[in-house]
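In the text below, chain A, chain B and the rest are named by the order of the sequence lines, each starting its count at 1. What's counted below: heavy atoms across the whole structure, side chains too, no hydrogens, waters or symmetry copies.
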Amino acid sequence: MKVTLKDGSCKEYASAMTVIDIAADISDGLARAACAAEIDGQIADLRTVIDRDCELNILTFDSEGGKRAYRHTCAHVMAEAVQNLYPDAKLAIGPAIDNGFYYDFDMPSLSREDLDNIEKEMKKIIKKGDRLERYTLSKEEAVKLMTGRDEPYKVEMINEHPDTDTLTFYKQGDFIEFCAGPHLISTKQIKAFKLTSSSGAYWRGDEHNKMLTRIYGTAFNKKQDLEDYLEYLEDIKNRDHNKLGREMDLFTTVDVIGQGLPLFMPKGTKMIQKLQRWIEDLEDNEWGYVRTRTPLMAKSDLYKISDHWGHYKEGMFILGDDDEDENGNSISGNDIFALRPMTCPFQYYVYKARQKSYRDLPYRMGETSTIFRNEDSGEMHGLTRVRQFTISEGHLICTPEQIAEEFKGCVDLARHCLKTLGLEEDVTYRMSKWDPENPEKYLGTAEEWDKVEGAMREILDDIGLDYTEEKGEAAFYGPKLDIQAKNVYGKEDTMITVQLDMFLSERFDMYYIDENGDKKRPYIIHRTSMGCYERTLAWLIEKYAGKFPTWLCAEQVRVLPISEKFKDYAGKVLSELKKNGIDATVDNRSEKIGYKIREARLDKLPYMLVVGAQEEETGKVSVRSRFAGDEGQKDLQVFIDDICREIRTKEIRTEIE
RNA sequence: GCUGAAAUAGCUCAGCUGGCAGAGCACUUCACUCGUAAUGAAGGGGUCGUGGGUUCGAGUCCCAUUUUCAGCUCCA
């Protein structure tokens, strides 16, 4: 048989051979480094017997598949160690994940010391260096084996497995695991690992099931790489918006105010104000929006029309006694109010207040709207998951003929926002579809959903957007284009959304008069442009590690007199800057100039102007900056012109370093 | 909501088996009036998250609660 290798070369063998034997035949080094293989593009175990012509790619730790096999093997070693130390621990599942692996056990929770002990036991197992044997059993034998070993979760998985004859097992020493593989040849190959944390996790990810104990870890084939990775984890903590944003005095929280209710400090408020002024002017002046300002709350009657009362009541803050009789009338006799979880119906009533003609469409409404969502107590996080937040919201009411063009306009505007903020490369696009298996969670019928999802897909394809499709992520009233971004820890959030709505115009009896004088139902697009201010700020903090583009900085310039003698000149410079709309301050403390510069750098300021005798005489300033190529003496007016241009164009400059 | 951890000065943290509340940075004052990454000295600042309990005595032990963090689940 003929085996074609990755580099295109061929190896011929007279008889069937395992992948690891072929690797050894190529070189001992490769055999030692081999973690898994790809046979004709399919991921495979090193023990796989090759008995036919094929393309073979032997995977080492440098490949994604190799890493996974390596780390998955480490998960097995961890499971063996846990069972050695805690014989009552029951095995659940333990896959490789991005950057590491985990394993779930049914056992009491663990402390850091417990993890350290498990690490020690793992080292013993690795030192012993058992080979992993692979074999198959019939379902009957498999159930018998795992029942005998008292592993109820494994028995459950085996029983549900579609295969009946050849269920794969791996064994190292006394440890046996029902597992598809692939795996390393021996535990000895694991060179460097670390158990990073443990926490609770529901069996099968279902909150109705028992909570198990999950241990997270990671593994590398070089000690140095592990150390580098652990150092990297420490480093990204310094970008974490929740830490950095508080340190930089952008926001804070207070226990008596409550979870998910951040307070913006003056600097954070200034940044949000800059974002808001920018986006409102952009929408109104360049994208044809009209601005609205609608109430933060409404009677329950409104939400009953939109059916938020039916689909989303749990997520709303209800004011007053919401007990109702069987007809939906308040038992107390008082009106029930609720804080708004979205702005849609409010803006619909702005649309409806005057009869609209087809000539008025598209009617694009924008509102910087604060909304309230009663998230579960464990869900709040920094600025990315909060109970009150503000979005650059808008609704476009248009004719069926206009829908594609308007939708594209919304996507264009969103991408323009991303580009301006320097975030365009950091996002992925997701088409969020309904879940046909849970139709009760949505308005409308399968036919209607097929139609509107088809329409959205056509638009997205027409734009040429690279997007994924995900089931069960739609709004209850329609599919969404979600623009997703990951935080420093790799956790994904929706930053911007553009949604098609095919039901609410009917429910709110919205219409326009067409060319023939007939009433017609408009189409509605729900959308954000820059998205949620809180999340955007969080994202900017992490993206720029607090060193924002100048136009967004709360403090753009700090004037630093070299001594109190130059306080007056510093004051003149300051007022010139402010007169030109630059956010500037002056540091008049009686500290040495080097000290003041250091402070300004720690505050991540884009520009510092040092002033003393030389500057006062010549009318110049000495510019210090965190940007490349912008140091030295400058005429004050030249500096002002430069920075004003930079702010106006929203330039993203390259940092020194 | 679930599992676990944590909460001590503005910030970062120390405070052992219960026995007078600590450090560094920051802040204030004084001296210095300074030329590009930390001038010197002195001083102020704490109901030890909150509420109960055990104890002669609680920052420390127990219970409840709030908030924060990690993860799970959820996110219209």
Side-chain angles (χ1 to χ4, degrees), chain A residues 102 104 107-112 114-115 196-216 233 237 240 242-243 246-249 252-261 303 306-316 341-342 344 371 373-382 384-387 432 434 441-443 472-478 480 482 489 491-494 497 499 501 526 560-567 588-602 608-615 622-624 631-633:
Chain A
Y102 69 79
D104 287 347
M107 67 187 295
S109 60
L110 298 165
S111 66
R112 182 64 243 181
D114 297 331
L115 295 186
T196 46
S197 64
S198 76
S199 70
Y202 299 108
W203 166 234
R204 303 201 141 168
D206 186 333
E207 62 178 323
H208 303 294
N209 287 339
K210 185 166 185 187
M211 182 156 274
L212 308 175
T213 299
R214 175 171 298 179
I215 306 176
Y216 285 95
L233 288 183
K237 276 190 198 154
D240 183 340
N242 204 9
K243 183 168 184 282
R246 290 171 197 268
E247 271 172 20
M248 292 181 72
D249 282 336
T252 189
T253 50
V254 177
D255 9 354
V256 293
I257 291 176
Q259 282 190 303
L261 298 168
Y303 307 112
S306 64
D307 213 14
H308 278 84
W309 207 250
H311 283 93
Y312 195 63
K313 197 175 164 197
E314 290 306 302
M316 288 163 63
M342 37 69 242
C344 330
I371 55 183
R373 296 180 182 183
N374 193 2
E375 303 285 354
D376 286 343
S377 63
E379 311 301 345
M380 262 66 72
H381 175 80
T384 54
R385 201 74 186 277
V386 289
R387 283 182 164 150
S432 300
W434 82 316
K441 288 168 78 176
Y442 305 88
L443 300 174
E473 295 287 342
F476 73 81
Y477 47 74
K480 310 188 286 181
D482 288 323
Y489 301 109
K491 199 166 180 173
E492 195 175 271
D493 269 313
T494 301
T497 183
Q499 314 174 354
D501 173 0
H526 304 235
L560 311 176
I562 61 162
S563 82
E564 283 174 38
K565 275 189 207 159
F566 307 101
K567 204 172 159 182
N588 270 328
R589 292 175 305 167
S590 59
E591 303 287 351
K592 283 205 164 178
I593 185 66
Y595 181 83
K596 291 188 199 176
I597 289 174
R598 175 180 162 269
E599 292 270 295
R601 287 207 193 283
L602 288 176
M608 293 155 255
L609 300 181
V610 177
V611 296
Q614 296 166 27
E615 289 78 7
S622 290
V623 180
R624 307 279 293 176
E631 304 268 299
Q633 292 229 328

Side chain of A:N242 - closest among B:rC2, B:rC69, B:rU36: B:rC69

A:Q499 side chain near A:Y477 side chain, heavy-atom distance below 4.5 Å: yes

Separation of the P atoms in B:rC72 and B:rA58, to the nearest angstrom: 42 Å

Separation of atom CE in A:M380 from atom C1' in B:rC75, rounded to whole Å: 11 Å

Separation of atom CZ in A:R387 from atom C1' in B:rU67, rounded to whole Å: 12 Å

Separation of the C1' atoms in B:rA26 and B:rU68, to the nearest angstrom: 23 Å

Spacing of the C1' atoms in B:rC2 and B:rC62 (rounded, Å): 24 Å

Sugar-phosphate only, base, or nothing, as touched by A:G310 at under 4.0 Å among non-hydrogen atoms: nothing

Given B:rU39, B:rU66, B:rU36, the nucleotide with the shortest approach to the side chain of A:K592: B:rU39

Candidate pair A:D482 and A:K480, rule salt bridge (charged side-chain N to carboxylate O under 4.0 Å, His left out), full reasoning: CA-CA 6 Å; A:D482 288 323; A:K480 310 188 286 181; 3.5 Å; yes

Stepwise side chain to side chain contact (heavy atoms under 4.5 Å, CB included) test for A:R246 and A:T253: CA-CA 9 Å; A:R246 290 171 197 268; A:T253 50; 2.9 Å; yes

A:F476 CZ - B:rC75 P separation (whole Å): 14 Å

Donor-acceptor pair present, A:E615 side chain and B:rG35 base, under 3.5 Å: yes

Verdict with reasoning, A:L443 to A:H311, per side chain to side chain contact (heavy atoms under 4.5 Å, CB included): CA-CA 9 Å; A:L443 300 174; A:H311 283 93; 3.7 Å; yes

Touch class at under 4.0 angstrom, heavy-atom based, for A:E591 against every strand present: base

Polar pair under 3.5 Å, donor/acceptor by atom type, side chain A:E379, base B:rU73: yes

Touch class at under 4.0 angstrom, heavy-atom based, for A:K567 against every strand present: nothing

Close side-chain approach of A:E599 to A:E591, heavy-atom, < 4.5 Å: no

Side chains of A:Y312 and A:S306 in contact at under 4.5 Å (non-hydrogen atoms): no

Closest non-hydrogen atom pair between A:N588 and A:P561, with its separation: OD1-CG, 3.4 Å

Student check: side-chain heavy atoms of A:H308 and A:F476 closer than 4.5 Å: yes

Sole residue of A:E631, A:E615, A:Q614 in side-chain hydrogen bond (donor to acceptor under 3.5 Å, both in side chains) with A:S622: A:E615

Whole-Å distance separating the CE atom of A:M248 from the C1' atom of B:rC11: 15 Å

C1'-based separation of B:rC25 from B:rA14 [nearest Å]: 15 Å

Nucleotide of B:rG35, B:rC32, B:rA70 approaching A:A613 most closely (side-chain heavy atoms): B:rG35

Closest nucleotide among B:rU36, B:rC74, B:rG4 to the A:R385 side chain: B:rC74

Distance below 4.0 Å between A:H381 side-chain N/O and B:rA70 OP1 or OP2: yes

Whole angstrom value for the distance that separates C1' of B:rC34 from CZ of A:R598: 17 Å

Sugar-phosphate only, base, or nothing, as touched by A:G594 at under 4.0 Å among non-hydrogen atoms: sugar-phosphate

N or O in side chain of A:Q259 less than 4.0 angstrom from B:rU68 OP1/OP2: yes

Candidate nucleotides B:rG35, B:rA38, B:rA31, ranked by approach to the side chain of A:I593 - the nearest: B:rG35

Any A:K565 side-chain N or O less than 4.0 Å from OP1/OP2 of B:rC34: yes

From B:rU68, B:rC72, B:rU36, nucleotide with atom closest to A:S622 side chain: B:rU36

Given RNA chain B, 5'-ward residue of the pair A:R214 and A:R601, judged by closest heavy atom: A:R601

Separation of the C1' atoms in B:rU60 and B:rA6, to the nearest angstrom: 15 Å

Check against side chain to side chain contact (heavy atoms under 4.5 Å, CB included), A:K237 and A:Y489: CA-CA 9 Å; A:K237 276 190 198 154; A:Y489 301 109; 3.6 Å; yes

Whole-angstrom distance between B:rG19 and B:rA7, as gauged at atom C1': 24 Å

Side chain of A:E564 (C-beta onward), nearest among B:rG35, B:rU33, B:rU3: B:rU33

Rounded distance (Å) that lies between atom P of B:rU3 and atom CG of A:D206: 16 Å

Sugar-phosphate only, base, or nothing, as touched by A:E247 at under 4.0 Å among non-hydrogen atoms: nothing

For atom NZ of A:K491 and atom P of B:rC69, their distance in whole Å: 11 Å

Integer angstrom distance from the P of B:rG10 to that of B:rC27: 14 Å

Min side-chain heavy-atom separation A:L609-A:V623 under 4.5 Å: yes

Whichever of A:F566 and A:E492 has its nearest RNA chain B nucleotide further upstream toward 5': A:F566

B:rG22 and B:rC30, which share atom name C1', separated by this distance in whole Å: 26 Å

Residue-phosphate contact under 4.0 Å: A:R589 side-chain N/O, B:rC27 OP1/OP2: yes

d(CG, A:D114; P, B:rU3) in whole Å: 18 Å

Polar pair under 3.5 Å, donor/acceptor by atom type, side chain A:R246, base B:rC11: no

Sugar-phosphate only, base, or nothing, as touched by A:S109 at under 4.0 Å among non-hydrogen atoms: sugar-phosphate

Below 4.0 Å: OP1/OP2 of B:rG4 and any side-chain N or O of A:Y216: no

Which nucleotide in B:rC72, B:rA70, B:rA31 has an atom nearest any side-chain atom of A:Y202: B:rC72

OP1 or OP2 of B:rC72 under 4.0 Å from side-chain N/O of A:Y102: no

Pairing annotation in dot-bracket form, given for RNA chain B with Watson-Crick or G-U pairs under 3.5 Å and | for cross-strand partners: (((((((..((((.....[..)))).(((((.......))))).....(((((..]....))))))))))))....

